[in-house]
Structure formats: structure tokens, C-alpha cells
Number of protein chains: 2
Amino acid sequence: MSKQGEQMRSNVLRVLRQRDAPMSAYDLLRELQSDAPRLAPTTIYRALEKLVERGSVHRLESLNAFMACRCEGPVDMSVLAICDDCGAVEENLATSVHEQLSNIASQSGFEPGRRVVEIHGRCASCTVDEVHS
Amino acid sequence: MSKQGEQMRSNVLRVLRQRDAPMSAYDLLRELQSDAPRLAPTTIYRALEKLVERGSVHRLESLNAFMACRCEGPVDMSVLAICDDCGAVEENLATSVHEQLSNIASQSGFEPGRRVVEIHGRCASCTVDEVHS
DNA sequence: GGCGTTTCTGTTATGTTATAACGTTACAGT
DNA sequence: ACTGTAACGTTATAACATAACAGAAACGCC
Ligand SMILES: [Zn+2]
Ligand SMILES: [Zn+2]
Ligand SMILES: [Zn+2]
Ligand SMILES: [Zn+2]
């Protein structure tokens with residue numbers, strides 16, 4: 001059955017990679033239910049959990065959504081820039097921001113773990129569109 | 001009726017200030033329903049929206065929860081360090097991290113807006129407890 | 001191969017967070 | 001008082017996430 005599990009993870013990842021924008025777990029569910037009508041949320045969440053663990057997928061905390069990773073560097077050093085107009089997300093590798101963040105938290109004896117670094121705004125192409133309208 | 005609205009916001013803020021840890025909107029709902037049994041989620045969310053807008057309350061995106069602000073400086077320049085053991089949240093003013101974050105996003109023409117900077121881990125006192133156990 | 005143990009999976013049900021929709025109320029300007 | 005508008009309360013429902021459990025697969029041992 002680990003064969004099936006791997007199959008599910010690969011299906012989820014494939015669907016995520018087909019998009020440029022983040023998808024919610026339930027978006028994925030609806031998409032995959034066309035092949036497997038009885039598919040349940042739990043199954044999606046389990047696949048997503050593994051994929052996030054292994055660094056193939058980002059979880060966007062401020063959107064409750066997921067997207068395939070397209071980073072060059074380590075997945076846990078990225079800054080996710082989310083366009084509030086079109087929903088597109090840009091990934092930037094930003095090791096120094098993450099290091100600084102850990103350092104600041106450490107100063108009070110806090111033991112740093114998972115970092116969440118996201119920024120909302122408007123992407124370049126949407127900004128141009130705004131000028132034209 | 002703006003009197004009622006302000007009253008509600010002040011009630012929500014009061015309850016949040018009584019705690020050291022974040023509360024979900026539904027935590028607040030349950031708390032306030034002892035006085036007003038018919039109180040609905042929407043009302044809480046509207047109050048929270050205003051309070052976040054005016055900088056009295058932080059929204060913790062990675063927890064889907066809220067807490068009263070106890071920052072010294074500007075509310076939108078803080079780093080929130082969340083202890084995964086005890087739930088306590090430390091606020092650190094970290095202007096430089098936020099500036100760097102905006103700069104990185106700007107490099108690709110992204111127009112920066114709201115930033116989300118949170119870090120999970122273990123607070124000093126929970127780290128000590130761990131050693132003792 | 002047979003058997004117990006462990007881990008993973010599918011399924012059902014439920015819990016939690018958030019918003020849509022719509023009628024009502026307050027209030028300012030006339 | 002009349003009207004426009006912004007805020008509000010209320011109901012219902014959508015969206016996100018996990019608990020609980022039973023059954024299947026994988027593994028190690030004999
Ligand atoms: Zn990435
Ligand atoms: Zn855009
Ligand atoms: Zn604060
Ligand atoms: Zn702690």
C-alpha cells in the first residue's frame with residue numbers, strides 16, 4: 001500500500017505543478033475526485049504533509065494553501081511574495097532574512113524552529129495593469 | 001449603533017488582554033457568549049478586523065489566532081516567536097528584518113504590502129523544563 | 001510458508017475557522 | 001421628516017482540518 005501512497009503524493013504534486021498559483025487542499029480534492037470520486041480530505045492532507053516534509057511543496061500560512069516548490073536553494077530559506085490581485089506567488093531565496101530572524105528570536109533564549117516569512121502586495125505585472133486602467 | 005460596535009471591540013480587546021497566549025475567534029466567541037448568548041462569529045470577526053487594522057491586535061497567520069499587541073514600536077514591524085510547547089508568544093521589534101524583506105520582494109518589481117513574519121520553536125522556559133525532565 | 005507486530009491507508013464522521021447574504025439600525029446632510 | 005450610506009446583527013453555509021477506527025500491506029521471525 002505504500003505504492004498507493006506514493007502514487008497519491010505524486011498525483012497531488014503533479015496537479016500542483018500544473019498551476020502557477022497556490023491551491024487549497026479542497027481545490028486539490030475536487031481536481032483529483034474526477035478520477036477517484038470517493039477520495040477524502042484526509043488523504044489529500046496526508047499527501048501534502050509528506051510533500052511539505054520532503055520540501056517539494058510550500059504551505060502558505062497566510063492563505064491556508066499550498067504550492068509546488070520551484071526554488072533553487074533550500075526550501076526553508078525562501079520568501080514567498082503573494083500578489084493579492086492575481087494570486088501569483090514569487091519565490092525568493094533569502095537566507096540572510098531567515099538567519100536574522102532566527103538570531104532575533106534566539107536573543108531571548110528562544111530555540112528557533114520553523115520560520116514563516118511571507119509578504120503580500122502586488123506583483124510587477126499587476127502594478128503595470130493598474131497604471132493602464 | 002456605533003456605540004455598540006465600539007463596545008464589542010472593547011470587550012474583545014479586554015478578553016484578549018487578560019491572556020498571555022493567543023486565542024482563536026471561537027475562543028473569544030465562547031468567552032463572550034456567557035454575557036451575550038446570541039453572539040455570532042461574524043460579530044467577533046468584524047471586531048477583530050478593526051482591532052487588527054488599528055494595531056491593537058496581532059493576527060497570527062500560522063495559528064489562525066489573535067493576541068493583544070504588547071509591542072513598544074510599530075505593530076507591523078514585529079516578529080512573533082511562538083512556543084510550540086506552551087503556546088506563549090514573544091514579540092520582538094525587528095525593523096531591519098521587515099525592511100530587508102520588503103527590499104527583496106521589491107527587486108522583482110513587486111509592490112510590498114502586509115508582511116508576515118513568524119517563527120515557531122521553544123521558548124526559554126520550556127527549554128529549561130525539557131532539560132529537567 | 002505461517003504468524004505476530006508494526007506501520008500505513010481508506011473511510012466515516014466530526015470539529016474548527018471564516019464568510020456570504022440580507023434585512024435593520026444609526027446617523028449625517030438636506 | 002426624507003434619503004443616502006455606512007455599520008451592525010442574524011442566519012446560514014462554505015472552507016479548512018483532524019479524530020477515530022477498521023482493514024491491508026510490509027516486515028521480521030520462526
Ligand atoms: Zn520553493
Ligand atoms: Zn499579480
Ligand atoms: Zn505587538
Ligand atoms: Zn514555552
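Since the structure is predicted, the reported quantities are computational estimates derived from the model, not experimental observations. Each chain gets a letter, A, B and so on, in the order the sequences are listed, and its residues count up from 1.
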Between [atom2] on [N] and [atom1] on [X], what's the gap in Å once rounded to a whole number?
| X | N | atom1 | atom2 | answer |
| --- | --- | --- | --- | --- |
| M8(B) | dT25(C) | CE | C1' | 15 Å |
| L48(A) | dC16(D) | CG | P | 12 Å |
| Q7(A) | dG10(C) | CD | P | 11 Å |
| L63(B) | dT16(C) | CG | P | 16 Å |
| Y45(B) | dC16(D) | OH | P | 13 Å |
| E6(B) | dG9(D) | CD | P | 12 Å |
| N11(B) | dC8(D) | CG | P | 13 Å |

key: Passing candidate, side-chain contact (heavy atoms from CB on, under 4.5 Å) with R9(B), options R46(B), E49(B), R54(B)   =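 Running side-chain contact (heavy atoms from CB on, under 4.5 Å) over R46(B), E49(B), R54(B) with R9(B) returns exactly one hit, R54(B).
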request  = Using the side chain to side chain contact (heavy atoms under 4.5 Å, CB included) rule, take I82(A) and R114(B) through it: C-alpha gap first, then chi angles, then the decisive distance, then the call.
outcome  = CA-CA 10 Å; I82(A) 301 159; R114(B) 179 170 71 97; over 6 Å; no
From N11(A) atom CG to L32(A) atom CG, the distance as rounded to the nearest 0.5 Å =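 One gets 6.0 Å once the value is rounded to the nearest 0.5 Å.
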request  = Using heavy atoms and a sub-4.0 Å distance, could you list which residues of residues 18-40 of chain B are near DNA chain D? By number, please.
outcome  =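 Close to the strand are R38(B), A40(B).
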task = Indicate yes or no: at least one non-hydrogen side-chain atom of M8(A) is less than 4.5 angstrom from one of L39(A).
result =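 M8(A) reaches L39(A) side chain to side chain.
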key: Any side-chain heavy-atom pair of L16(A) and L48(A) under 4.5 Å   =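 Result yes, sub-4.5 Å side-chain heavy-atom pair found.
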inquiry  = Taking the nucleotide of DNA chain D with the nearest heavy atom to each, does T42(A) or K50(B) sit closer to the 5' end?
reply    =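 The 5'-side residue here is K50(B).
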request  = Using only side-chain N and O atoms of N64(A), determine if any of them is under 4.0 Å from OP1 or OP2 of dA17(D).
outcome  =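 Yes, within the criterion.
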key: Expected output: side-chain E31(B) to main-chain V15(B) donor-acceptor under 3.5 Å   =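 Not confirmed, E31(B) side chain does not pair with V15(B) backbone.
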task = Tell me which of F66(B) and R46(B) sits closer to the 5' end of DNA chain C, going by the nucleotide each one is nearest to.
result =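 Nearer the 5' end of the strand: F66(B).
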task = Walk me through it: do C86(A) and C123(A) pass the test side chain to side chain contact (heavy atoms under 4.5 Å, CB included)?
result = CA-CA 8 Å; C86(A) 70; C123(A) 75; 3.8 Å; yes
task = Check every atom of dT19(C), dA17(D), dC8(D) against the side chain of R59(A) and return the nucleotide holding the closest atom.
result =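 The closest nucleotide is dA17(D).
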